[in-house]
Amino acid sequence: MHRWSQLFIPTLREAPADAEVASHKFLVRSGYIRQLGAGIYSYLFMGQRSILKIIDVVREEMNRIGQEFLLPALNPRELWEQSGRWQVMGENMFRLKDRKGADLCLGMTHEEVMTDIARKELRSYKQLPQIWYQIQNKFRDEPRPKSGLIRVRQFTMKDAYSFDIDEAGLDVSYKKHYETYRRIFDRCGLKYAVVEAHSGAMGGSASHEFMCMTDAGEDIVVSCEKCGYAANLEKATSQLAPARDLPGDGAPEEVHTPGMKTIEEVAKFLGVSPTQKIKTLALMQVEPDKKNPGQVKTRPVIVLLRGDHTLNEAKLTSALDGKEFRPMHEEEIQRVFMSPAGYLGPVKVPALAAGAQQLGSVTQAIILDALPLMLADTALKGRKNLVAGANKENYHLKNVTPLRDFHPTEWVDLRNVAAGEGCPNCGGALVVGRAMEIGHIFKLGYKYSKSMGATVLDKDGKEVMPIMGCYGIGVERILTAAIEQNNDADGFWLPPQIAPFDVVITPTNVKDAAIMGAAEGIAQKLEGAGFSVLLDDRDERAGVKFKDADLVGIPYRINVGKKVTEGMVEVVSRSTRKSEDANIPGIETTFARMVRP
RNA sequence: CGGGGCGUAGCGCAGCCUGGUAGCGCACCUGCCUUGGGCGCAGGGGGUCACAGGUUCAAAUCCUGUCGCCCCGACCA
């Protein structure tokens, strides 16, 4: 049993001015954490207790499928050179030198060290599969730490790595993690969605993100409540209600649209819907020039979307094979379109033809390489008689029909899915909401086995590379997500599994021997029944203690007050705020029944 | 990195324009009082005004620079 009067739980009436999100405010106010620097936090008694409870859950579930290691945070440069990530990680990696001048870094993740162990130790397929995990501090020099514990530079991660002999084996290891993660997050009482994520640069491999639905999150998730479909906005697709085309078979025809630049203005002026318009975006692809180091190579990219749609930049980046882009400058637009911005359209614009890149000589390839790319969103496919810019000041074109009047280099899905559109699986209305990533599982394939040279002998005595997976959980994010999902004006409540205490016992007057005696007795009995108990034995007014109890995340409170003379106390649930009287004799069984029905 | 904001007591803030004494609420300490929702009264402690340089008889206040922190955009558990 813990006595509040002897603990350090520095609660605050007011939140620090720079805290924005609920979890940050309450973590500080409840005395869970204190800030040391940007994205660097100390966990005090209550915070650490909760983190340890979360780790207990994670460890218990992980131990069912894997083996716990603990790897050093301090890593030598050479290891990271071998995987190529000494360069790739760039500014995000904390780097330091030892006294001899050798380069070291603080681990951001541990594929390198795990693979190093694997390559030194694993010899035979008979040793596979292996699942190795650890719960350890990670260091990332984030460009912008924010929102309390949500985005920090040092944090606790459960990271796991699997080694299998073949893809079928990896599938099994991956599935084990998927299920384990579900159990962990369920036990932590979180509302979350599992979404398919970017398969990333490694190609072909599966990846799922576990996303907690909360406005404090930094990602946007599209989900269907009907069938359970969920996807990151960067990947989400939808069924669109069919758009009506304008009638007729006419050729493109200029119309005077004086001073009208926006989709809305033009649509209104011409009496058409934005869905009958083409939105033309002029972007410039930018990549490092291989021939002239330090220089950049640019290439215009024309993006066509339906008038009411918006561009998803991540989708475009994927369509450009990961290359970056920026809006075109005014003079670049002038050069490519021979038109002022605001009147751009796809007709008679030079662009690389579909499939043109594959054929032709080297000289042709160089010429083709400079032509603008024209990427059209699939929502425009099969449409006709659209309205688009005429590439001429104050004019638009009517009757623009794709594949007759212009020929995109490629049709791609580029648009943002919007709320209310049809679920791609079942047609149900899609919901768009913010979410925070709490876990990520990933089929790595052979990336590290290959770059770092890990091999084992297979059944036939042939040297083969083990296939890997990696799996991460942000421990602090479980805490922040739980707070974001469970708070009100007075504080927050955590599920008992991850709360620092199961119950706080609040004697209303510590100087009243009957009350205090009863409180002590109840605390003992509950401890005996396996609950973790915080006895608020401080000589404070009841109001102060109630306020603190409401603040600090403990799911249940037992008020011990005047009713002790009748042998009664009140059991209050923090989440529902419902209070129930209970007899003191047998309180441990009554409480157990209320808490674990 | 680009853009914006803020650094005065543990927390929340005022003072700064118009230079001269550092102030308020909460928290903290002592005493009394009170004891079911941050109670009341009285007394008290605590500040190199982020740092450095400059202007001035005199700088929290004006000028310059540096650092730190927060927020908005490109990355991630």
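Below, all heavy atoms of this structure are taken into account, side chains as well, without hydrogens, waters or symmetry copies. Within every chain, numbering begins at 1; the chains are lettered A, B, ... in the order of the sequence lines, protein sequences first and strands thereafter.
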B:G12 versus B:G53 - spacing of their C1' atoms, nearest Å: 32 Å
Review item, side-chain donor-acceptor pairs of residues 7-21 of chain A, under 3.5 Å, at least two apart:
residue	atom	partner	partner atom	Å
A:Thr11	OG1	A:Asp548	OD1	3.0

Validation row, ring centre A:Phe210 to ring centre A:His440 under 6.0 Å: no
Footprint string (nucleotides 8-15 of chain B, 5' to 3'): B base within contact, S backbone only, - free, heavy atoms under 4.0 Å: ---BSS--
Pairs involving residues 554-568 of chain A, ordered by first then second residue, that meet salt bridge (Lys or Arg N to Asp or Glu O under 4.0 Å) (sequence neighbours left out): A:Asp550-A:Arg557, A:Lys563-A:Glu570, A:Lys563-A:Asp581
Distance-only side-chain donor-acceptor flag, A:Thr506 / A:Asp536, under 3.5 Å: no
Base partner of B:G7, which must satisfy Watson-Crick or wobble distances under 3.5 Å: B:C67
Ring-face cation of A:Arg49 near A:Phe501 (centre distance under 6.0 Å, axis angle within 45°): yes
Any A:Gln35 side-chain N or O less than 4.0 Å from OP1/OP2 of B:C70: yes
Residues forming a side-chain contact (heavy atoms from CB on, under 4.5 Å) with A:Gln497, sequence neighbours excluded: A:Val57, A:Arg187
Side-chain donor-acceptor pair present, A:Gln48, A:Ser50, cut-off under 3.5 Å: no
Contacts under 3.5 angstrom, residues 469-487 of chain A side chains, donor-acceptor by atom type, not counting sequence neighbours:
residue	atom	partner	partner atom	Å
A:Tyr471	OH	A:Ser162	OG	2.7
A:Glu476	OE1	A:Thr156	N	2.9
A:Glu476	OE2	A:Tyr43	OH	2.5
A:Glu476	OE2	A:Thr156	N	2.9
A:Glu476	OE2	A:Thr156	OG1	2.7
A:Arg477	NE	A:Ile150	O	2.9
A:Arg477	NH1	A:Glu437	O	2.9
A:Arg477	NH2	A:Ile150	O	2.9
A:Thr480	OG1	A:Glu476	O	3.3
A:Thr480	OG1	A:Arg477	O	3.1
A:Glu484	OE2	A:Ser23	N	2.8
A:Glu484	OE2	A:Ser23	OG	2.7
A:Gln485	OE1	A:Lys191	N	2.9
A:Gln485	NE2	A:Lys191	O	2.8
A:Gln485	NE2	A:Met213	O	3.1
A:Asn486	ND2	A:Ala482	O	2.8
A:Asn487	ND2	A:Ile483	O	2.9
A:Asn487	ND2	A:Glu484	O	3.2

P spacing across the pair B:A14 / B:A52, given as an integer number of angstrom: 24 Å
Separation of B:G37 P from A:Asp488 CG (nearest whole Å): 18 Å
Stepwise side-chain contact (heavy atoms from CB on, under 4.5 Å) test for A:Val503 and A:Phe591: CA-CA 10 Å; A:Val503 58; A:Phe591 184 70; 3.7 Å; yes
Contact list for residues 510-523 of chain A, test side chain to side chain donor-acceptor pair (under 3.5 Å), sequence neighbours left out: A:Arg3-A:Glu520, A:Lys511-A:Asp539
Any-strand Watson-Crick or G-U partner of B:C24, both distances under 3.5 Å: B:G12
B:C11 and B:G47, which share atom name P, separated by this distance in whole Å: 15 Å
Any residue of residues 537-552 of chain A with a heavy atom less than 4.0 Å from an atom of RNA chain B: A:Arg541, A:Ala542, A:Gly543, A:Val544, A:Phe546, A:Lys547, A:Asp548, A:Asp550
Polar side chain donor-acceptor pair, A:Lys158 to A:Tyr181, under 3.5 angstrom: yes
Test of ring centre spacing under 6.0 Å for A:Phe163 and A:Trp132: yes
Separation between the P atoms of B:U21 and B:C26, rounded to whole Å: 26 Å
Sugar-phosphate only, base, or nothing, as touched by A:Thr480 at under 4.0 Å among non-hydrogen atoms: nothing
Identity of whatever pairs with B:G2 - Watson-Crick or G-U, under 3.5 angstrom: B:C72
Complementary nucleotide of B:U18, counting Watson-Crick and G-U pairs under 3.5 Å: none
Exercise: do A:Asn92 and A:Asp141 side chains pair donor with acceptor under 3.5 Å: no
Positions of residues 506-516 of chain A (non-hydrogen atom under 4.0 Å from RNA chain B), listed by number: A:Thr508, A:Asn509, A:Lys511
Side-chain donor-acceptor contact under 3.5 Å, A:Glu112 with A:Ser83: yes
B:U61 versus B:C49 - spacing of their P atoms, nearest Å: 9 Å
Separation of B:G38 C1' from A:Asp536 CG (nearest whole Å): 13 Å
Mate of B:U61 where both pairing distances stay under 3.5 Å, Watson-Crick or G-U: none
Which residues share a side-chain contact (heavy atoms from CB on, under 4.5 Å) with A:Lys138, sequence neighbours left out: A:His110, A:Gln134, A:Gln136, A:Phe155, A:Met157, A:Asp159
Between the protein and nucleotides 47-52 of chain B, list every N/O to N/O distance that falls short of 3.5 Å.
none

B:U66 to B:G3 separation - P atoms, rounded to the nearest Å: 14 Å
Option passing ring pair (Phe, Tyr, Trp, His ring centres under 6.0 Å) with A:Tyr32 (candidates A:Phe492, A:Phe45, A:Tyr41): A:Phe492
Assigned partner base of B:G45, Watson-Crick or wobble definition, under 3.5 Å: none
Distance, C1' atom - from B:G46 to B:A22, rounded to whole angstrom: 13 Å
Spacing of the P atoms in B:C71 and B:U35 (rounded, Å): 45 Å
Each nucleotide N or O in nucleotides 74-77 of chain B that has a protein N or O under 3.5 Å away: list the pair and distance.
residue	atom	partner	partner atom	Å
B:C75	O2	A:Arg151	NH2	2.4
B:C75	N3	A:Arg151	NH2	2.9
B:C76	O3'	A:Arg140	NH1	3.4
B:C76	O2'	A:Arg140	NH1	3.0
B:C76	O2	A:Arg151	NH1	3.3
B:C76	N4	A:Asp219	OD2	3.2
B:A77	OP2	A:Glu437	OE2	3.2
B:A77	OP2	A:His440	ND1	3.2
B:A77	O3'	A:Gly439	N	3.0
B:A77	O2'	A:Glu437	O	2.6
B:A77	O2'	A:Arg477	NH1	3.3
B:A77	N7	A:Arg140	NH1	3.4
B:A77	N6	A:Val152	O	3.1

Strand-adjacent residues in residues 562-583 of chain A, judged by heavy atoms under 4.0 Å from RNA chain B: A:Lys562, A:Glu570
Integer-rounded Å distance: B:C72 C1' and A:Arg434 CZ: 12 Å
A:Tyr161-A:Tyr133 aromatic ring centre distance below 6.0 Å: no
Donor-acceptor pair (no angle test) under 3.5 Å: A:Arg326 side chain, B:G73 base: no
